[in-house]
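Data first, discussion second: the structure below is written as structure tokens.
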Amino acid sequence: MTQPLEILPSRAASIAEVGKAGGAVRCGKVSVAGSVSQRACVFCGSRVVLYPIADALHIVHGPIGCAAYTWDIRGAQSSGPQLFRNSFSTDLQELDVIYGGEKKLERALLELIAKHQPKAAFVYGTCIVGLIGDDVAAVCKRVSAATGLSVLPVASEGFKGTKKDGYKAACEALYQLIGTGDTTGISPLSINLMGDFNIAGESWVIREYLERMGIQVVATITGDGRVDAIRRCHGAKLNLVQCSGSMTHLAKKMEQEHGIPFKRVSFFGIEDMSAALYEVAKFFGGEELMEKARAVVRDEVGKIYPQLRAWREDLKGKKAAVYVGGAFKAFSLVRALRTLGMRTAVVGTQTGDADDYDTLREMCDPGTIIVDDSNPIELAKFCLEQDVDLFIGGVKERPIAYKLGIGFCDHNHERKECLAGFVGMVNFGREVHASVCSPVWQFVPRRADRTRNAELETRNAGGRSLLAGDPTIASELAPTLRKTEDVA
Amino acid sequence: MSCSKCSPFAVPSSEFTPAEHPEFPSGSTNPCKLCTPLGACLAFKGIAGTVPLLHGSQGCATYIRRYLISHFREPIDIASTNFSEDSAVFGGRKNLHTALDNVGRQYRPALVGIATTCLSETMGENMPMLIGEYRGESRDLPTAAERPELVHVSTPSFKGTHAEGFHAAVRSLVGTLAGTAAPETRNPKPETGKAPLALFPGMVSPADLRHLRDFCAAWGETTITLVPDYAETLDGPSWAEFVRTPVGGTTVDELRALDRATAALEFGHSLATAPATAGTHLNSRFSVPLHRLGLPIGVRANDAFCAAMEAATGREMPARIAAERGRLIDSYVDAHKYLAGKKAVVYGEDDLVAGLAVFIAETGITPVLVASGERNRRLADAIHAAAPELRGRIEVREGSDFGDIETRIEELNPDLLLGSSKGYKLARSLNVPLVRCGFPVHDRLGAQRLQLLGYAGTQQLFDRIVNALLEAKQEHSDIGYAYL
């Protein structure tokens with residue numbers, strides 16, 4: 001490398017190495033200006049949480065950008081209405097900024113509600129609304145009175161905190177709906193699925209496992225979400241909270257106000273998915289329910305295990321970098337990668353807290369880099385230093401991996417692959433295997449150079465065969481070679 | 001000074017059909033535009049060693065990065081000054097200075113392109129002052145010689161679209177840097193001693209930029225300065241090692257030397273009547289002869305481009321280009337019966353849709369609806385000036401979006417959609433082909449290699465259009481002939 005990649009002094013405390021002395025990972029802070037953080041903003045946090053509510057009208061109050069960049073880009077599916085896949089915005093113009101946008105917002109709401117007949121409306125505030133002082137709450141109240149619909153302001157002005165504050169604002173808006181519906185007919189064995197966004201139908205997968213155990217799912221919040229289901233979700237007996245960062249605030253509120261306990265779980269990977277089902281069985285009690293949970297796990301794991309074992313052979317010893325939004329997903333991915341025989345060499349999150357990073361320190365092998373709120377240069381540096389074979393992240397991380405000749409698995413909301421549940425573990429394994437074991441890497445300069453250098457060394461050392469001479473290369477090329485043999 | 005062959009766009013006309021949004025006069029449904037800072041970031045990505053820096057909230061940079069990455073499939077690092085509530089109240093001076101320090105440390109850029117956002121614009125941040133203060137202070141890093149150029153562009157997202165942000169950034173780059181070379185280094189190309197030909201292509205693909213370079217080289221014009229030039233920076237090879245700012249782009253020195261350009265060519269049917277552009281700056285400030293042209297798509301627009309090249313270089317159309325022209329016309333003839341009477345809806349940036357409409361009109365397809373997100377009241381005139389045969393036969397809608405287009409679509413009953421991937425949903429519901437072009441293309445590979453410009457680029461687009469219509473006919477046929 002011509003010049004070493006440096007870490008900004010102000011970022012050093014947010015990076016740690018497992019097995020090395022050092023204080024807690026600095027986290028939960030506003031991103032360093034100019035660091036090129038991978039994070040978004042408060043608005044993004046709110047939009048991510050509320051977007052999948054399929055029968056609501058989602059209108060972004062501000063200039064066009066915020067609405068345009070979040071138009072139908074996610075893999076969150078609906079079994080019915082598709083209204084949420086539209087992008088509605090007040091598209092504020094210069095004169096609106098000068099004279100205020102309240103009238104425009106009110107007119108837009110009335111027109112859109114009349115046209116689309118939604119079950120509720122969410123009005124997202126953006127940076128500019130926080131400055132020009134539009135009273136969004138008052139507009140919502142007026143429109144609500146005129147239409148008889150719940151019209152809910154979401155205080156998601158971009159600069160007023162971090163993405164986490166956006167989650168909170170979304171939870172506050174959601175809470176306005178909770179407790180307003182009829183709870184008759186809800187089973188004593190009932191839960192709400194919180195913090196799953198039904199990416200590629202994931203909520204349906206989890207719901208099906210639970211229903212096989214005889215558990216009723218009252219509301220999925222917010223994947224394949226429906227306003228009426230959310231209204232009555234206070235009738236459920238347990239909140240099962242995935243993606244804890246986004247929904248714990250709401251779960252805690254429901255615990256305080258409605259006495260509904262919550263459990264933090266994850267549906268990614270065999271271990272965490274099984275643990276989630278056992279957790280539910282344990283909560284409701286009884287050997288019969290536990291046996292049902294075991295039966296689901298047994299059946300599902302039995303179906304996928306042979307395939308996973310085959311992939312494991314190819315992936316054994318490979319190294320991965322993980323950079324995701326929330327820490328719970330990171331935990332699951334470290335475990336799921338282990339199931340595939342892989343080691344996590346770099347792990348980071350946008351929104352983890354001190355406890356989360358302590359947990360990661362305990363989970364990961366010595367030498368693993370742990371990082372909070374990272375950026376492209378740091379991630380590239382860690383990937384190169386740790387010489388990883390796979391990067392798990394989102395669209396923003398993908399080019400970092402690809403340019404450096406590293407495999408990639410998209411685990412963010414834009415993906416269209418179901419990665420949750422047992423079936424999701426197979427899909428995950430397939431994705432990881434497909435990328436890590438692709439024959440294309442042999443041409444990528446970074447790896448091709450390495451192969452060439454190794455070849456030269458071998459030649460200098462007396463012309464032993466390439467594969468026998470370098471075990472690293474042998475293992476790198478093994479999957480490709482095996483594929484060739486298969487064909488033969 | 002302007003050449004006679006490219007003046008039709010200056011003819012003013014009162015014909016203008018603003019979108020009236022009968023359904024949604026108060027907002028936007030499924031936009032046909034993005035915000036101004038996105039366009040500025042894209043333009044800055046075409047300058048060598050440049051890092052764009054957005055003065056505002058973190059989300060703007062991240063959203064724009066993801067949107068651009070999904071189209072170009074390349075690393076696109078955009079820094080943010082990362083406003084918090086404090087900075088919104090007390091001003092973003094500290095954030096800007098910290099961000100510039102950190103961008104300098106991390107990327108060692110040749111230039112930082114600073115674009116504002118709706119937040120900093122509404123706050124009324126005095127950018128020239130803040131940037132001047134930064135320049136004046138003795139920062140610990142980097143040393144004076146290593147300090148990047150700082151170019152500021154005002155891009156409030158409540159005023160204009162991404163295309164207008166793009167043009168504003170190009171104008172700022174040229175306005176800030178042209179004519180600033182030290183006297184002893186005034187000759188930009190000492191090895192040839194030739195002054196450059198300036199070309200402002202607008203928002204086109206990296207493959208189009210590469211083709212434009214070849215196109216001009218065919219005229220013997222080797223010192224062409226494309227602004228911006230993201231031909232390599234946004235469509236580059238795999239890396240052997242980490243690259244801070246991708247190789248390629250217009251250099252700062254090339255921008256400085258633009259005052260000596262022999263001529264300037266600026267593309268965009270609509271931009272051609274805009275009051276202040278990079279081209280008009282060079283023309284009025286440094287008397288560089290300016291040729292304002294439409295995007296060279298189709299025979300007519302490319303003929304105008306060639307006429308301007310002839311005027312600028314004093315040479316006739318090279319044989320290679322003439323052959324490309326001949327092949328394009330030959331294919332028009334081969335395909336004309338497949339296209340007769342076909343109707344297309346064209347949407348996207350104003351300059352792109354004007355270029356596309358003028359082009360398809362000459363092949364026999366009628367652009368029944370031409371829609372853009374801009375609201376500058378230039379589009380209809382621009383189209384009719386370049387393709388007078390369309391006057392009275394088409395609808396031109398400015399300030400449009402997909403909600404607006406949908407209100408007209410049933411009646412217009414098009415055979416084809418021409419524009420970004422954002423029209424896919426509409427094409428799917430109509431069961432008509434969508435020929436993807438422009439920005440963004442988020443559902444196909446190779447958006448950065450789609451060509452439209454020059455006779456050769458038009459050829460590629462033309463073949464795709466004809467084949468899309470043939471395929472639709474074949475697919476919808478009960479018999480399914482494989483011999484057409």
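Naming convention: chains lettered A, B, ... in sequence-line order (proteins, then strands); numbering from 1 in each chain. As a basis for the values below, the full set of heavy atoms in this structure was taken, side chains included, without hydrogen atoms, waters or symmetry mates.
With a 4.5 Å cut-off on non-hydrogen atoms, A:Val97 touches chain B through its side chain but not through its backbone. A:Ile132 touches chain B through its side chain: at least one heavy atom from C-beta onward sits under 4.5 Å away, while N, CA, C and O do not. With a 4.5 angstrom heavy-atom cutoff, A:Ile73 touches chain B only via side-chain atoms. Heavy atoms of A:Glu414 lying under 4.5 Å from chain B belong exclusively to its side chain. Using a 4.5 Å cut-off between heavy atoms, A:Ile377 contacts chain B through both its backbone and its side chain. Interface residue B:Leu34: backbone and side-chain heavy atoms are both found under 4.5 Å from chain A. With a threshold of 4.5 angstrom between heavy atoms, B:Phe83 approaches chain A through its backbone and through its side chain. Residue B:Pro440: no heavy atom, backbone or side chain, is found under 4.5 Å from chain A. When heavy atoms are compared at a cutoff of 4.5 Å, A:Arg11 does not approach chain B at all. Both the backbone and the side chain of B:Ser238 come within contact range of chain A, each with at least one heavy atom under 4.5 Å from a heavy atom of that chain. Heavy-atom distances place both the backbone and the side chain of B:Ser157 under 4.5 Å from chain A. Heavy-atom distances place no part of B:Phe72 under 4.5 Å from chain A, backbone and side chain included. Proximity to chain B is limited to the side chain of A:Asp449, based on heavy atoms less than 4.5 angstrom apart.
Put simply, of A:Gly65, A:Pro376, A:Ala68, A:Gly158, the one with the most heavy-atom pairs under 4.5 Å next to chain B is A:Pro376. Most heavy-atom pairs under 4.5 Å with chain A: of the set B:Ser70, B:Cys118, B:Gly373, B:Pro156, this distinction falls to B:Cys118. Highest contact tally toward chain A, considering only B:Gly236, B:Ala61, B:Pro75, B:Gly160, is held by B:Pro75 [criterion: heavy-atom pairs under 4.5 Å]. Put simply, of A:Cys44, A:Gly34, A:Cys66, A:Pro9, the one with the most heavy-atom pairs under 4.5 Å next to chain B is A:Gly34.
Considering only residues two or more places apart in sequence or on other chains, B:Arg93 meets the salt bridge (charged side-chain N to carboxylate O under 4.0 Å, His left out) condition with B:Glu133, B:Glu137.
Residues A:Lys381 and A:Glu6 are not paired through a salt bridge, judged by the lack of any N-O separation under 4.0 Å between the basic side chain and the carboxylate.
The 12-atom threshold is exceeded at NZ of A:Lys416, counting heavy atoms of other residues, nucleotides or ligands nearer than 6.0 Å. Within 6.0 Å of NZ in A:Lys168 there are 12 or fewer heavy atoms belonging to other residues, nucleotides or ligands.
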### Task
Start with the C-alpha gap between A:His413 and A:Tyr51, add the side-chain angles, then the distance that decides, and say whether ring-ring contact (aromatic ring centres under 6.0 Å, His included) holds.
CA-CA 11 Å; A:His413 290 260; A:Tyr51 172 87; 9.4 Å; no
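Counting only residues at least two apart or on different chains, the salt bridge (Lys or Arg N to Asp or Glu O under 4.0 Å) pairs with a member in residues 85-97 of chain A are A:Asp72-A:Arg85, A:Asp91-B:Lys33, A:Asp91-B:Arg375, A:Glu94-B:Lys159, A:Asp96-A:Lys104.
Distance alone, capped at 3.5 Å, is enough to place a donor-acceptor pair between the B:Thr161 side chain and the B:Ala163 backbone.
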